[in-house]
Amino acid sequence: AKEARTTKIAVEKGCPIITLGDAGGARIPDIMGSDGLSSMTFPIEGLKYPRKIPYVATIMGECFGGPSWMAAKADFVVMVKGTCMAVSGPRVLELAMGEKITPEELGGWKLHAEVTGQVDAFAKDEEHCFRIVREFLSYMPSNCDEEPPYIPTEDAPDRKVDEVMDILPDAPNRAYDMYKIISAIVDDGKYLTIKPYYDQSLITCLARMNGRTVGIIANQPLFFAGAGGPGACEKAASFIVLCDSFNIPLIFLHDTPGFFVGLEAEKRKMPGRIMVWMEALALSTVPKISIVIRKSYGMAYSNMAGTNCGSDFLVAWPTADISFMSPQTGINVVYGPMVQAAKDPQAERERLIKEWEYQNAPWKAAARHFIDDVIEPRDTREFINKSLDILRGSSGRGFISKKYLQAWPTVL
C-alpha cells in the first residue's frame, strides 16, 4: 500500500522514482493459503502507468521476488557487484526443486551484464551505485512533459573534430573503437553507456550536445565488426523507447556489415527482433539524425535510420560504404563463375571490386537525394548541433506531445 501510494503521487506530481533493492521477497508464512496469497498479489494497476516519469531501480543486496519485479519494469537498473537478482533464492530452489546453485550463478552481475541484459549499469559498491543513479537522472527530465535539463558547457558547438580521421583506420576492414568517435563529438567527451556488456556490437549511450541531452545508437566495430545479433536488437529497441518517452533526440552512427546471422541467432527469433527494432524506430517521434561513418550493409542500414526509415537528417562521411553487402562478398555470389572463367581471374576480380566500391560510395545516393549530404568528418559536431537547433523548432521544444511508445513493455 505504501509503495502504490508513493508511485501514484510521483506520477501525479511528475517526479522520478528510485527503488533501493535489498530483500528476499515476501515472508512465506504471510502468503500461504488462499487469503495470504490473495493479499499479496502483484498490484497490476501500477503497470498501467505509461512512462510518465523516470523509474530507476537498484540491486544492492540479494533480491528475490518483489525487488526483481521492480527492476524488471524500471527504465534504468543499477546493480552492485556481488549481489543477486532472481525470481527465487538458492535455498527455495534447493528445497523445492533439488537444484543447488550459488547466488552468483543464479543471478549475479555477470549473468545480467552479458546474458540477460536486464541490468543497465554496474557499480563496485553502494556509493558508486548512487553516483551512477545521479548521473543517469542528470540526463533525464523529471517527467515526460518536460525537456531534459540543459547543462551549460564551454565546449563550442562548432568545434572541429579533426581527430576522428586519426581514429578511423585507412583500411576499410580494420577495427577501431567507436567510443573514441563518440567522445570526440559530444560535449567534453562525456557519456553514460547503457548495457555496456550486453551484445557489445552495439553501443547505446546518453550524452550531451551543446548542453542538451541526446541518445546515441552506434555500431561498435571492435565486436563482430559491428554486426548485431538478437541482443543488439533488444538493446536498440528498449533504448529508442526510453529516449522517445522522455524527449531525448537520437543520433545514429553507422559502421556495420549487417546483422549477425546463423543458427543461434535464428533460435532467438532474429527476424522478429529486427522488426521490433524497426517498429520502435517507426513509432518514435523525437528528432533523429543518422550518419554513415563507414560501412552500412543490408537490413542493418534500415535499422540504423537509413533512407526512408525515420531520420530527419541522413548524411554520410566520404568514407561511407552503403550497399547490400561488401563488394568482395557480393562479387563471389554474383560473378564467381565468371571470374573463375576469366583469362586472369585475379585481375578481373580486382576490376569488379573497384567498380562496386565506386557504386557503394555515398556520392550517387547523395546525387539522387537518398541521403541529404556528404559531410566532412571534422564538421560532424557542428552539423549535429545545427541540425538539433533546426529540429527543436522555434518553440524550443524538441518533442511531440503525442507518444506512441510510452505504453510499450519495459522488457522487450
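Treat the numbers as computed from the prediction; the structure is a model and nothing was measured.
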Ring-ring centroid check Phe76 Tyr55, cutoff 6.0 Å: no
pair Ile17-Ile53: side-chain heavy atoms closer than 4.5 Å: yes
Worked check of side chain to side chain contact (heavy atoms under 4.5 Å, CB included) between Lys235 and Phe239: CA-CA 6 Å; Lys235 190 171 170 178; Phe239 189 69; 5.9 Å; no
Under-4.0 Å salt bridge between Lys386 and Glu382: yes
Stepwise salt bridge (charged side-chain N to carboxylate O under 4.0 Å, His left out) check, Lys354 with Glu350: CA-CA 6 Å; Lys354 287 182 179 179; Glu350 289 177 1; 5.9 Å; no
Polar side chain donor-acceptor pair, Tyr297 to Asp321, under 3.5 angstrom: yes
Test item: side-chain donor near acceptor, Glu105 and Thr102, under 3.5 Å: yes
Interatomic spacing from CD1 in Ile371 to OG in Ser290 - rounded to 0.5 Å: 10.0 Å
Atom pair NZ/CE of Lys73 and Met70 - distance to nearest 0.5 Å: 4.5 Å
Worked verdict on Tyr198 versus Glu114 for side chain to side chain contact (heavy atoms under 4.5 Å, CB included): CA-CA 5 Å; Tyr198 187 56; Glu114 300 170 2; over 6 Å; no
Qualifying residue, where the test is side-chain contact (heavy atoms from CB on, under 4.5 Å) with Ile251 and the options are Ile185, Ile217, Ile384: Ile384
Donor-acceptor contact present, side-chain Thr58 to main-chain Val78, <3.5 Å: no
Glu147 with Arg392: basic N within carboxylate O range, under 4.0 Å: yes
Audit row: Arg381, Asp155, side chain to side chain contact (heavy atoms under 4.5 Å, CB included) steps and yes/no: CA-CA 11 Å; Arg381 175 175 166 83; Asp155 195 346; 3.5 Å; yes
Any donor-acceptor pair under 3.5 Å from Lys288 side chain to Val286 backbone: yes
Interatomic spacing from CD1 in Ile182 to OG1 in Thr193 - rounded to 0.5 Å: 7.5 Å
Leu192 and Cys205, any side-chain heavy atoms less than 4.5 Å apart: no
Parallel, tilted or perpendicular: rings of Tyr179 and Tyr191 (30°, 60°): parallel
Close side-chain approach of Tyr176 to Arg294, heavy-atom, < 4.5 Å: yes
Close side-chain approach of Thr319 and Leu168, heavy atoms under 4.5 Å: yes
Under 3.5 Å donor-acceptor, Thr380 side chain and Val161 backbone: no
Donor on one side chain, acceptor on other, Asp255 and Gln220, under 3.5 Å: no
Salt bridge present between Asp120 and Lys195 (N-O < 4.0 angstrom): yes
Other residues, nucleotides, ligands: >12 heavy atoms within 6.0 Å of Asp344 CG: yes
Arg134 bridged to Glu127 by N-O distance under 4.0 Å: yes
Residue pair Trp109 / Val80, side-chain heavy-atom distance below 4.5 Å: no
For the student: nearest non-hydrogen atoms of Cys243 and Gly215, plus distance: SG-CA, 4.0 Å
Under-4.0 Å salt bridge between Glu264 and Arg268: no
Heavy-atom side-chain contact between Asp188 and Thr153 under 4.5 Å: yes
From CA spacing to verdict: side chain to side chain contact (heavy atoms under 4.5 Å, CB included), Cys233, Phe259: CA-CA 9 Å; Cys233 294; Phe259 284 108; 3.8 Å; yes
Check: Leu314 main-chain N/O paired with Asp372 side-chain donor or acceptor under 3.5 Å: yes
Student check: side-chain heavy atoms of Pro148 and Met140 closer than 4.5 Å: no
Glu146 and Asn247, any side-chain heavy atoms less than 4.5 Å apart: no
Whether over 12 other heavy atoms sit under 6.0 Å from Phe122 CZ: yes
Lys/Arg N to Asp/Glu carboxylate O, Arg131 vs Glu135, below 4.0 Å: no
Cation-pi, Phe246 ring and Arg51 (6.0 angstrom, 45 degrees): no
Backbone of Gly21 reached by a side-chain donor or acceptor of Thr19 within 3.5 Å: no
